[in-house]
Amino acid sequence: MSQLQLFKYFSNIDDPRQQGKVVHKLFDILFLTLSAVIAGCQGWEEIEDFGHDRLDWLRKFVSFENGIPKHDTIARVISTINMSTFQSCFSKWMQDCHQVTAGQVIAIDGKRLKGSFNQSDRKNAIHMVSAFACENGVVLGQQKTDCKSNEITAIPVLLDLLEIKGCLVTIDAMGCQKAIAQKILDKEANYLLALKGNQPMLFSQVEKLLGPEISRQCQDGTLFQEADYQRNREEYRCSIVTSDMSQIPASADWPMLTTVGVIISYRKEKGKVSKELNFRYYISSATLTAEELAASAREHWNIENGLHWKLDVGMKEDDCRIRRNGAPEIMAGVRHVAVNRLQSETSFKKGVRAKQMKANRNTDYLEKVIFGK
């Protein structure tokens, strides 16, 4: 990503302040904040300190005619940015920088920002729903859930921001809704939705249909199986799918429902086999084999390891105490930008935290992360 690309997508964000009173430009502050987060800064004072330490470097790209603003000013300005505009800029940038390929899995999942609660009652921590391109390992977009709602209303808004033609969109059981399935189809993509008891009629019919099929495939040896070995633990998984919707009357109410399936798993730890079997059911508009179902479901969990874990462990997101007005969701978006840039830089073969520390020490490397030079 060139300097011009970054400026193209984010320099046009509207500044709601009275322009005659503006001392520090909005994009200058946004660029400072993004650079500081990539370099491992977390709070407003750390961002201000980073600005003073790196002022000469920052002035290579933005003016800072009046020096680095105070941390209170940074907090106030960031909290005034319109989140919808920020999300739109972010999504357009991602569409130009990262082309998704047909069949690629796009995982959608939510994450609670534990430190963003109201300080008065310690409630209403915000919840961000993200779309993650599993193959590329990048965030394509994000949407904050309304405090009076949940992911069901946020997911359609997020989907409107994305270009996902030909992709397979995976969502957990919260998103197993007919309207969401139709929205995905309207975007010329396919859905793969986890099925649980929140859709009781469909769930019971799928469970009833696949039960005898599990027994039959176990007996004739055609059951697809795979194993995962990790230290002292072995996990075994098998998958079954069917495209016979004639035995599932409730499927008629679901748009383009083509495949239903189940993944059965059990664990073996230190020589002991767990007697507890885990059954996970799925529905999809795509025609999937047992192998494809297993692979796609496994890819969905990349959003946990490839995004949520890095935000928590690498960027200490849950420890962040930024709560002012709209600042928590803007900073969540800035962290998503930072994760994308850090993961796109591959010359330094380390994790997110190690890359942040190097970026803090070395402005040449920081510049390389931000602009891809």
Side-chain angles (χ1 to χ4, degrees), residues 3-93 113 115-119 124-126 128 139 141-144 311 315-317 319-341 356 359-360 366 369-371:
Q3 176 182 339
L4 290 178
Q5 281 181 303
L6 179 67
F7 284 35
K8 169 186 174 182
Y9 291 108
F10 290 101
S11 61
N12 291 326
I13 294 177
D14 292 334
D15 189 343
R17 296 174 294 171
Q18 295 182 27
Q19 293 306 299
K21 299 180 180 179
V22 169
V23 177
H24 302 282
K25 296 178 182 177
L26 174 62
F27 184 74
D28 290 10
I29 294 175
L30 186 57
F31 183 76
L32 163 63
T33 303
L34 173 60
S35 302
V37 170
I38 288 176
C41 300
Q42 296 175 28
W44 302 123
E45 292 185 7
E46 290 184 13
I47 293 172
E48 180 190 349
D49 291 343
F50 172 87
H52 291 303
D53 292 341
R54 297 287 185 265
L55 180 56
D56 290 341
W57 177 81
L58 288 165
R59 280 177 168 164
K60 290 172 58 178
F61 311 104
V62 291
S63 62
F64 278 112
E65 297 171 357
N66 297 300
I68 298 298
K70 296 291 185 182
H71 61 270
D72 284 342
T73 300
I74 298 172
R76 185 179 69 254
V77 172
I78 292 295
S79 67
T80 64
I81 294 175
N82 182 277
M83 187 58 185
S84 296
T85 304
F86 183 91
Q87 290 168 341
S88 178
C89 293
F90 178 87
S91 297
K92 289 176 182 177
W93 168 47
L113 276 63
S116 63
F117 54 77
N118 291 335
Q119 198 163 6
N124 294 329
I126 69 171
M128 297 294 294
V139 186
Q142 65 275 309
Q143 174 67 38
K144 181 192 133 183
L311 288 171
M315 295 192 168
K316 309 294 183 185
E317 183 171 70
D319 295 333
C320 181
R321 293 298 181 261
I322 290 175
R323 306 186 182 101
R324 183 170 184 165
N325 299 328
E329 52 260 46
I330 293 296
M331 289 302 293
V334 169
R335 284 189 290 268
H336 284 163
V337 175
V339 167
N340 283 355
R341 297 313 307 158
Q356 285 183 297
N360 197 308
L366 175 59
V369 170
I370 296 174
F371 300 118

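All residue numbers refer to positions in the sequence shown, counting from 1.
The backbone N or O of S84 lies less than 3.5 Å from no partner atom in the side chain of S88, so there is not a single donor-acceptor pair. Of the possible donor and acceptor atoms, none in the side chain of E46 sits under 3.5 Å from a partner among the backbone N and O of C41. In this structure a side-chain-to-backbone donor-acceptor pair under 3.5 Å is missing from T73 to P69. Using a distance-only test at 3.5 Å, with no hydrogens or angles considered, a donor-acceptor pair links the side chain of R59 to the main chain of F64. A donor-acceptor contact shorter than 3.5 Å links the side chain of N340 to the backbone of V139. A donor-acceptor pair is defined here as one N or O able to donate and one able to accept, closer than 3.5 Å; such a pair exists between the side chain of Q87 and the backbone of Q142. Judged by distance alone, the side chain of N66 and the main-chain N or O of V23 form a donor-acceptor pair under 3.5 Å.
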* **Criterion side-chain contact (heavy atoms from CB on, under 4.5 Å) on N82 and I13, from CA distance to verdict** => CA-CA 8 Å; N82 182 277; I13 294 177; over 6 Å; no
* Please step through side-chain contact (heavy atoms from CB on, under 4.5 Å) for the pair K25 and S63, ending with a clear verdict. => CA-CA 9 Å; K25 296 178 182 177; S63 62; 3.9 Å; yes
* To do: Please lay out, stage by stage, how M315 and Q356 fare under the test side-chain contact (heavy atoms from CB on, under 4.5 Å).
  => CA-CA 9 Å; M315 295 192 168; Q356 285 183 297; 3.8 Å; yes
* Give the intermediate values and the outcome of side-chain contact (heavy atoms from CB on, under 4.5 Å) for residues M128 and Q143. => CA-CA 6 Å; M128 297 294 294; Q143 174 67 38; over 6 Å; no
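Distance check: I74 CD1 to D28 CG gives 11.5 Å after rounding to the nearest 0.5 Å. Between atom CD1 of residue I81 and atom CD of residue E329 there is a gap of 11.0 Å, rounded to the nearest 0.5 Å. Taken to the nearest 0.5 Å, the NZ atom of K316 stands 7.5 Å off from the CD atom of Q42. Put simply, OG1 on T80 and CG on L26 are 6.5 Å apart, with the number rounded to the nearest 0.5 Å.
The shortest side-chain heavy-atom distance between L311 and R335 falls under the 4.5 Å cut-off. Put simply, the side chain of V77 does not reach to within 4.5 Å of the side chain of H24, judged on heavy atoms. The shortest distance between side-chain heavy atoms of L58 and I68 falls below 4.5 Å.
With respect to R17 and D15, a salt bridge is recorded, a charged nitrogen being found less than 4.0 Å from a carboxylate O.
The heavy-atom pair separating R341 from I370 by the smallest distance is NE-O, 3.2 Å. In terms of heavy atoms, A338 sits closest to L34 at N-CD1, 4.2 Å. When every heavy atom of A359 is checked against every heavy atom of L366, the shortest pair comes out as O-CB, 3.6 Å. The two residues M331 and V37 make their nearest non-hydrogen contact at CE-CG2, 3.8 Å. Heavy atoms only, all atoms of each residue included: G51 and L32 are closest at CA-CD1, 3.6 Å. Between A39 and N360, the closest heavy-atom pair is O-ND2, 2.8 Å.
Under the 3.5 Å distance criterion, with hydrogens and angles disregarded, no donor-acceptor pair is assigned to the side chains of T85 and D14.
Applying the ring-ring contact (aromatic ring centres under 6.0 Å, His included) test between F61 and each of F31, F27, F10 identifies F31 as the sole match.
Ring pair F90/F86 is parallel by interplanar angle, where below 30° counts as parallel and above 60° as perpendicular.
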